[in-house]
Each structure stands twice: as C-alpha cells, then as structure tokens.
Amino acid sequence: MAVSIIQNPSNLTLAQSPTVYVVSESNSQALTSSSYQYVCELYYWTGDLNDSSSAANYTMLKYPNPKGVGQFDVSRIIGSLFTDLRQENSSSLYYRAVDVYEQYKTNPTGSFITGSHTRSTTQGSIDGYQLFQDNLQVFPQSLYNIDTGYAPMLTDGPASQSINEGDTGRIGVYMIPISTATPDTVLYQDNDTGTQQTLSLTAWTGDSSESIDTIPMTPAETDFPFAGDLTDYTIAIFDGVTQLSNSITFTQDCQKKYPPVRVAWKNRYGQFDYFNFNLVSKESFRTQRSTYQPQIGTWQERTLNYNDYDSSIQNYITDSTLKLSVNTDYVSEDYNEIFKQLMVSDEIYWLYDQENNKVKPLAIDTSTFNIKTNVVDKLIQYSFDFTQGQGFKLIF
C-alpha cells in the first residue's frame with residue numbers, strides 16, 4: 001500500500017496563494033476504515049537545495065474527501081515565513097517538500113498502521129500572490145513569455161517607462177532555471193546610438209540566496225554598464241543568444257516644474273516597482289496633544305506663592321503625523337496593473353534622497369482607485385495619499 005501524489009504545485013509558487021498537494025490511495029479497501037487518514041509532513045528550509053532537515057517542520061492529517069483523496073494547502077505555513085522586509089532582503093526564497101503516507105486502525109483499540117512514504121520533489125516559494133483568473137499549480141502565468149516560455153523579470157511594469165535624471169532602481173530577476181532556460185546575461189541598448197553593453201548575472205548554484213538577482217534599471221546605479229546618462233535605452237534578459245524576457249524601454253523625462261516624488265513598493269512577486277509622481281506634491285504635518293491641569297502654587301512651602309512661569313495647562317503627550325499627497329503626470333493605462341499592486345502593497349517607500357540612498361516608509365491612505373482607460377478618459381491622471389511611517393519625534 002502506498003499513497004501517490006496526484007497533483008503537485010509548480011516548481012515556483014507565490015507563497016500567499018494556494019500551494020496544494022493532492023494525495024490518493026488506490027486501495028479502496030483501506031479507505032473504508034473510519035480511522036483512515038492521509039498524513040502530510042511538510043519540510044521547508046533555506047540554504048542549499050539539498051539541506052532539508054531529517055525532521056518535518058509540520059505534520060498535517062486529513063480524512064479522505066468524498067472523492068477519496070486528501071488535499072493539503074501549505075500556503076498559510078509557507079507564507080508566514082516571509083518576515084524580512086524586501087528592503088533588507090532582495091532574494092527571499094524557501095525550498096519546500098512534503099512526505100506523504102497513510103495511517104489507519106484495524107480495530108478501535110489497536111495502534112495505527114502506516115503505509116510506505118512518498119516524498120515530493122523539492123520546489124521553491126517566493127513572497128507574493130497570484131491573481132484571480134491565474135491557473136493554480138502552474139508557474140506564474142505573468143512570468144511566461146509567448147515566444148520563449150520564460151520571462152524572468154519579476155515585474156508587471158509597462159514595456160515603456162519614464163525616469164528622471166538621478167533616479168535609482170533595480171529589477172528583480174528569477175534565477176533558478178525553468179525547463180531548459182537559464183538567465184545569464186542582461187543586454188542594455190542605447191536606442192539613440194544602437195550601442196549595446198552586457199552584464200553577467202550571478203549563476204544559481206543551488207543556494208536559496210541566489211534565487212533572485214537584481215539588475216540596475218537606471219544609469220545612477222553604480223553597476224550600470226554605460227558611463228554617463230542615457231536618455232533612451234532598453235533592457236532585456238538573455239540565455240546565451242536567446243531572449244527570455246520581454247524588453248523594457250526607459251526614456252528620461254525633461255526637467256519638471258515641480259520636484260518629483262519617487263516611490264518604490266513591493267509588487268506581487270516580492271520585488272520593487274517604481275514610479276515618479278511628477279506633478280505637485282504636498283506634505284502636511286499634524287499633531288495630537290493630550291493635556292492636564294497641574295497643581296499651581298508652593299503648597300509644600302511655609303508660605304503660598306506661585307511662579308510667574310507656571311501654567312494651568314500642560315501637555316503630557318504630544319505626537320505627530322506626517323502626510324504626503326502625490327499626483328501623476330499624464331500616464332498610459334499600461335500603469336494600471338502596477339498601481340493596483342501599489343494599492344495593496346504592504347511595503348512602500350519614498351526615495352526622498354536617492355543620491356545617499358535614503359528612504360522613508362509610507363502607508364497608503366487612498367482606499368478607492370478608479371481605473372481609467374484611454375478610451376473613456378482620454379487623459380489619465382491619478383492621485384494618492386500616504387501617511388509617513390516616521391513621525392517628527394524619534395521615539396521608540
């Protein structure tokens with residue numbers, strides 16, 4: 001008697017969405033026992049691909065469903081492991097595997113009889129989520145390239161994007177080979193001259209920390225392959241001479257009337273997307289105070305008097321909240337997808353001093369996002385409101 005795994009997750013899953021193993025026993029006689037249970041032992045780890053512990057991290061039990069199978073969704077467990085901020089860990093992946101078997105009793109007072117074990121292949125999970133209409137149990141559809149079957153750049157950003165002079169930013173690239181494709185080269189092309197430069201990606205050798213590499217997306221990054229500013233350039237990922245990813249073209253905007261606000265947020269693949277809010281932005285400063293009325297007078301002295309600086313109103317709690325309101329320039333509807341991801345992101349930053357790599361955490365206040373299209377709205381602009389995650393006072 002042996003349990004088989006009849007449905008596996010994909011080799012890469014986004015940990016916040018279902019990660020399901022379905023197991024089945026072909027021996028119908030064993031399934032008739034009222035005590036029959038499927039057992040799923042979950043293993044997860046970081047480090048080398050083969051560093052799995054000999055002891056399971058979790059053991060789950062399920063009775064057969066009406067079709068006689070056991071369905072185990074491990075996404076809640078795996079998803080809870082991603083506690084690092086993207087700002088401090090750009091390559092966060094957990095390996096996972098399950099060992100499944102059956103157990104049942106032949107009589108109510110007897111001990112459990114266990115069947116032989118079946119272990120799954122080792123697979124990976126990264127922080128992120130699928131969307132409705134995505135198929136379960138497959139490599140995330142948005143990372144498929146129509147021509148090559150593999151698009152390793154971890155972004156849903158538009159094929160054409162704009163930047164400002166001095167902008168920083170990096171794109172996450174998934175490095176574990178999918179099928180026969182292995183990303184190894186980034187091609188940068190200056191569209192004004194046709195000149196090309198390449199960067200070599202750090203090869204994946206089996207360690208989880210090498211699962212996601214980041215590549216420079218702007219000339220201000222120190223490892224950008226061209227010297228000086230480019231005003232129009234294209235980035236693409238290659239496996240040798242085969243292009244894996246769709247290209248992304250960046251065009252440098254002219255100097256703006258208002259100081260731009262550059263915002264980065266964690267997208268649905270656990271990596272950063274960026275956008276410059278080039279129209280007017282406003283900061284506001286709000287304080288919250290609690291007061292009390294102190295006792296005035298020298299009641300502990302021989303005579304009663306008071307000081308000319310005494311106050312009958314005293315603040316004992318004073319805190320502050322800083323707000324930030326931003327507005328987009330006119331944008332194409334291609335940005336709608338990543339703006340949706342901004343609305344639900346749990347990690348957002350204002351890149352307020354890019355030269356010194358300084359950021360301020362933000363929490364989005366905007367709760368309604370009216371999706372605009374060129375057909376209906378012609379010109380598309382958006383506004384977003386944020387609360388800054390750091391107040392005026394440095395108080396822990």
Side-chain angles (χ1 to χ4, degrees), residues 5 7-23 39-60 71-100 117-131 134-143 150 152-155 170-179 181-183 201-214 265-272 341 344-347:
I5 301 175
Q7 186 179 15
N8 270 292
S10 63
N11 285 332
L12 173 68
T13 62
L14 300 172
Q16 297 176 39
S17 294
T19 304
V20 180
Y21 296 88
V22 181
V23 299
V39 183
C40 177
E41 295 182 339
L42 173 64
Y43 299 79
Y44 55 78
W45 66 98
T46 57
D48 189 77
L49 182 67
N50 300 312
D51 278 351
S52 173
S53 170
S54 58
N57 299 97
Y58 280 87
T59 299
M60 295 163 281
Q71 298 181 352
F72 295 91
D73 180 9
V74 302
S75 61
R76 297 294 180 91
I77 299 173
I78 299 298
S80 68
L81 303 175
F82 293 93
T83 57
D84 287 350
L85 295 175
R86 164 58 182 81
Q87 183 71 5
E88 62 189 5
N89 186 356
S90 63
S91 182
S92 185
L93 177 141
Y94 275 85
Y95 292 120
R96 56 178 161 78
V98 297
D99 187 8
V100 297
H117 291 234
T118 301
R119 186 174 173 111
S120 70
T121 58
T122 296
Q123 300 168 321
S125 292
I126 61 175
D127 191 13
Y129 54 89
Q130 289 182 270
L131 306 179
D134 283 350
N135 291 329
L136 294 177
Q137 312 297 90
V138 298
F139 186 72
Q141 287 177 302
S142 52
L143 297 186
Y150 184 29
M153 284 200 283
L154 299 176
T155 177
R170 304 185 72 84
I171 302 173
V173 179
Y174 183 65
M175 294 300 302
I176 299 180
I178 300 295
S179 185
T182 305
L201 290 165
T202 303
W204 177 74
T205 61
D207 196 287
S208 62
S209 64
E210 301 167 345
S211 61
I212 299 174
D213 202 354
T214 64
W265 64 92
K266 188 172 71 174
N267 62 24
R268 74 185 188 99
Y269 307 108
Q271 297 297 303
F272 279 149
Q341 296 177 30
V344 300
S345 180
D346 59 3
E347 189 175 348

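None of these values were measured; they are calculated from a predicted model.
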Is it the case that the side chain of [X] and the backbone of [Y] share a donor-acceptor pair, with hydrogens and angles ignored and the cut-off at 3.5 Å?
| X | Y | answer |
| --- | --- | --- |
| Gln71 | Val20 | no |
| Gln271 | Ser90 | yes |
| Gln130 | Leu14 | no |
| Asp99 | His117 | no |

To check you understand the geometry: which heavy-atom pair defines the closest contact between [X] and [Y], and what is its length?
| X | Y | value |
| --- | --- | --- |
| Met175 | Trp204 | O-CB, 3.9 Å |
| Ser80 | Ile77 | OG-O, 2.6 Å |
| Tyr95 | Gly47 | CE1-O, 3.2 Å |
| Ser91 | Ser211 | OG-OG, 3.3 Å |

(message) Test of understanding: with ring pair (Phe, Tyr, Trp, His ring centres under 6.0 Å), list the residues that count as partners of Phe82, not counting sequence neighbours.
(response) Tyr94
(message) Going by ring pair (Phe, Tyr, Trp, His ring centres under 6.0 Å), name the residues that satisfy it together with Phe72, two or more places apart in sequence or in a different chain.
(response) none
Side-chain contact, heavy-atom cut-off 4.5 Å: [X] with [Y]?
| X | Y | value |
| --- | --- | --- |
| Met60 | Leu42 | yes |
| Val23 | Cys40 | no |
| Trp45 | Thr122 | yes |
| Leu201 | Pro183 | yes |

(request) Test side-chain hydrogen bond (donor to acceptor under 3.5 Å, both in side chains) on Arg86 and Ser345 and set out the steps. (result) CA-CA 11 Å; Arg86 164 58 182 81; Ser345 180; over 6 Å; no
(request) State whether a side-chain donor-acceptor pair under 3.5 Å links Thr205 with Asp207. (result) no
(message) If the test is side-chain contact (heavy atoms from CB on, under 4.5 Å), which one of Ile212, Thr46, Ile176 qualifies with Leu93?
(response) Ile176
(message) Can you classify the ring geometry of Tyr58 versus Tyr44 as parallel (below 30°), tilted (30 to 60°) or perpendicular (above 60°)?
(response) tilted
(message) Is the terminal nitrogen or CZ of Arg96 (NZ for Lys, CZ for Arg) located under 6.0 angstrom from the six-membered ring centre of Tyr21 and within 45° of that ring's axis?
(response) no
(message) A quick test of your reading: do over 12 heavy atoms of other residues, nucleotides or ligands sit less than 6.0 Å from CZ of Arg119?
(response) yes
